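Working notes, beginning with the structure itself.
By convention in this document, chain letters (A, B, ...) are assigned in the order of the sequence lines, proteins followed by strands, and residues within each chain are numbered from 1. Since this is a predicted model, take the numbers as computed values, not measurements. Heavy-atom basis, side chains included; hydrogens, waters and symmetry copies ignored.
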Amino acid sequence: MKQSDRPSGVSSAVQCEAGGGGTHEDVKVDPDERNDGQQKPGSPEINNNKEKTRSKSSKQRHNHKERTADVKLCGEDENLCESVQVKKRRVKDEESPEKHDKNQSSGRKRKKTSSEHEKAEKNKKTKKDGDQEKKKKAEESDKWKWWEEGKSSDTQKWSSLEHKGPYFPPEYEPLPDNICFYYDGQPMKLSPATEEIVTFYAKMLDHEYTSKEVFQNNFFSDWKEEMTKEERKLIKMLSKCDFSQIHKYFVEKSEERKNMTKEEKQVLKEEASRLMEEYGFCLLDGHREKIGNFKLEPPGLFRGRGEHPKMGKLKKRIQPEDVTINCSQDSKIPAPPAGHHWKRVQHDNTVTWLASWLENIHGRPKYIMLNPSSKLKGEKDWQKYETARRLKMKVDSIRKQYRRDWTSREMKSRQRGVAIYFIDKLALRAGNEKDDESADTVGCCSLRVEHITLHRRLDGQEHVVEFDFLGKDSIRYYNKVPVEKQVFKNLKLFIKHKDPEDDLFDRITTVKLNKTLNECMPGLTAKVFRTFNASTTLQDQLNKLTTGGMTVEEKILSYNRANRAVAILCNHQRAAPKTFEKSMQLLQEKAVRNNHSDDGNRRATSSRLDSRVTRCLMLLEKKEKAVQRLSEQLKKLQLQETDREENKVIALGTSKLNYLDPRISVAWCKKHQVPVEKIYNKTQRDKFAWAIDMTDENFQF
DNA sequence: TTAGAGACTTGGAACAATTTTG
DNA sequence: CAAAATTGTTCCAAGTCTCTAA
């Protein structure tokens, strides 16, 4: 199926920053106003909203499912329904081994290219010490081309694994005597444990977090837990605590650090690389592999995203006694810090992690795992894209199927059909159930009635659904989408007799939905659609936007545009850069000052551009004959500005790293003679080494 | 069937290093 | 050359999805 057949409407998404509170009137959001219009996370509206929501636990919400169970589907489109499918037998999902045959044939011939590029790049950097040079070369020479070996087992992740265990953060260093905590105006010496917790808070003092009540309450109650009896007796109110001297101390310290001499910095750097050398690698099946996060997380205060009910809680220091080590039986078992022991040492080769512990905020496990450049991660990544490509072959019939479901006699089939449609068309996440101990965010299956507004007509379009909800990381999803009439009808049906805080899809869950998907295609789950649609979009856009006579710069611009289309689809947002508004303002001032000629519409996105424009304009004043050339230049700059403007709140990184089959990019680079380095930095090239090595210019997703 | 544990991917912000600009 | 802007890296939170036991 061609991209153009994919349900459209995604690119019209209007994105707003996190924290937008959902009012659900028929409000139009003007892109230019969205910054002003957006709500701060702490605003009353969002709180009200949350309270309402929270007052109904998921259990209660679930009860509603009973209530709606016997809703009758109105007859007009019943006739299509088939007999209820007899229940699903579970299809074991084996990743089909097709993947290797398919790709290696095309991959083999170009094996050399990547290392050639890297060498070329290195030669540029001859100025740096030859020491590192040598190291790099050595590393490169034994880079493990695992993708040239056959497919490895799905269940057994390794046959030998040896490592040094996690690196523990340094012990707490008490404050100097002249730095003090004050309670109720009086200086007070705290026990080291209590003092350490104080420093966590003091360091964050100028962060918005510390002004939030939830944060303060959580912090204070966790802090009290750790106080000595005497301290607890004295310290009764957070508002009487004065951390300002401690805060100042840390500000100065970080200032000092910034002002270190080159030599001092060099020493630190060497120390860090020694650490990396010792703890940063493991030996997996005889190959030295980089670890992703070998440092244990230091203690601190938990900072959730959005309105997290646990923000400010104390994240405790991890002790060796909390840590489970995973390595092979016959390997050198990592030594715990002196006087300590591990919680457990296990030798489970069906998992990929080297160490794990339970984090105390949610009680969930955390892991030390390998770097994305490793075989374990790379192979999985490759497999992910192969699954997405298999979906490409099946998506036609799946789309037919879910459209059929829209008119099913069964409510749950209709809901499932609409949900999969949303997941496919809008790249929504699956939306698992969440407990009430985390921020109130939703995905497709957990959408509530309050998150959509139906418009029979809107802005000249029919059957428009307006989405407004907080998704992963409390990033707001706001979009107005025209949908098929039948979808619209169904949605009206789904929300009938429901309260705003009831589930929109009360008859389905992510598990059931994924089960259905898995029956359509082994390995298919909701998230595959995101990968599939993202990669398809990139491929499509690249094919469309890249034309013959472009310069490399222009091609890269096209690439970024294609990348951006994907980021918009996936709703990947970032906070507008701090300097953005400021430089914008500056430019506008100057524009006013220079108020000459017609181009009132230019907008700066950086002072670099700004100054260039200014310079151009001044010349223009002096030399009339340069007018034409300059205005052309101006146009070009404006183009870049627009580009930047568009990029203001869009983050390209996530899609590039997680959703776009790297082979698309590599093939594009090769086909259009764009050096891969222009598209992928060093880290990215490491992660995608397999793709860079195996892909030729003819690859199409 | 369901809840909970577990393992792995995805995500933006903060921080650090590097490059550009004035 | 210092400051600002940009790019790259680290950090760790927050998702998805599978498996298991009751």
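- Using modelled atom types and a 3.5 Å distance limit, the side chains of A:Ser665 and A:Tyr559 yield a donor-acceptor pair.
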What do the steps show when you test A:Ser655 against A:Asn563 for side-chain hydrogen bond (donor to acceptor under 3.5 Å, both in side chains), and what is the final call? CA-CA 8 Å; A:Ser655 49; A:Asn563 193 164; 3.2 Å; yes
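- Contacts of A:Thr510 with the nucleic acid, taken as non-hydrogen atoms under 4.0 Å apart, are absent.
- Judged by the 6.0 Å and 45° rule, A:Lys313 forms no cation-pi pair with A:Phe302.
- For the segment residues 357-373 of chain A, residues with any heavy atom less than 4.0 angstrom from an atom of DNA chain B are, sorted by number, A:Arg364, A:Tyr367, A:Met369.
- The residue A:Arg429 sits close only to the backbone: its heavy atoms come under 4.0 Å of sugar-phosphate atoms, none of a base.
- Here C:dA14 is the nucleotide among B:dG11, B:dA7, C:dA14 with the atom lying nearest to any side-chain atom of A:His308.
- The distance between the ring centers of A:Tyr209 and A:His308 does not fall below 6.0 angstrom.
- Where A:Val511 and A:Lys290 meet DNA chain C, the nucleotide closest to each residue was compared, and A:Lys290 sits on the side nearer the 5' end.
- Between the side chains of A:Gln383 and A:Glu379, no donor N or O sits under 3.5 Å from an acceptor N or O.
- For A:Lys527 against B:dT10, a side-chain-to-base donor-acceptor contact under 3.5 Å is absent.
- Considering only the side chain of A:Lys434, C:dG15 comes nearest among B:dC8, C:dG15, C:dC12.
- Within 4.0 Å (heavy atoms only), A:Ala651 reaches no atom of the nucleic acid at all.
- For A:Lys377, the side-chain atoms get nearest to B:dC8 when compared with the rest of B:dG11, C:dG15, B:dC8.
- One finds a side-chain N or O of A:Asn514 lying less than 4.0 angstrom from the OP1 or OP2 phosphate oxygen of C:dC17.
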Every protein N/O within reach of nucleotides 7-9 of chain C N/O, cut-off under 3.5 Å:
| from | atom 1 | to | atom 2 | distance (Å) |
| --- | --- | --- | --- | --- |
| C:dT9 | OP1 | A:Thr683 | OG1 | 3.2 |
| C:dT9 | OP2 | A:Thr683 | OG1 | 2.2 |

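- For A:His572 and A:Tyr659, the ring centers are positioned less than 6.0 Å apart.
- Between A:His207 and B:dA14 there is a side-chain polar atom (N or O) within less than 4.0 angstrom of OP1 or OP2.
- Spacing between atom CD of A:Gln383 and atom P of B:dA7 amounts to 18 Å, rounded to whole angstrom units.
- Nearest-nucleotide positions on DNA chain B for A:Arg303 and A:Lys157 put A:Lys157 closer to the 5' end.
- Taking the six-membered ring where the residue is Trp, A:Phe294 and A:Tyr167 present perpendicular rings, their angle passing 60° and hence far from 30°.
- Within the 4.0 angstrom heavy-atom criterion, base atoms lie near A:Asn432.
- The aromatic rings of A:Tyr477 and A:Phe469 sit parallel to each other, their planes meeting at less than 30°, with 60° as the upper class boundary.
- Here B:dA13 is the nucleotide among B:dA13, C:dC17, C:dC11 with the atom lying nearest to any side-chain atom of A:Ala575.
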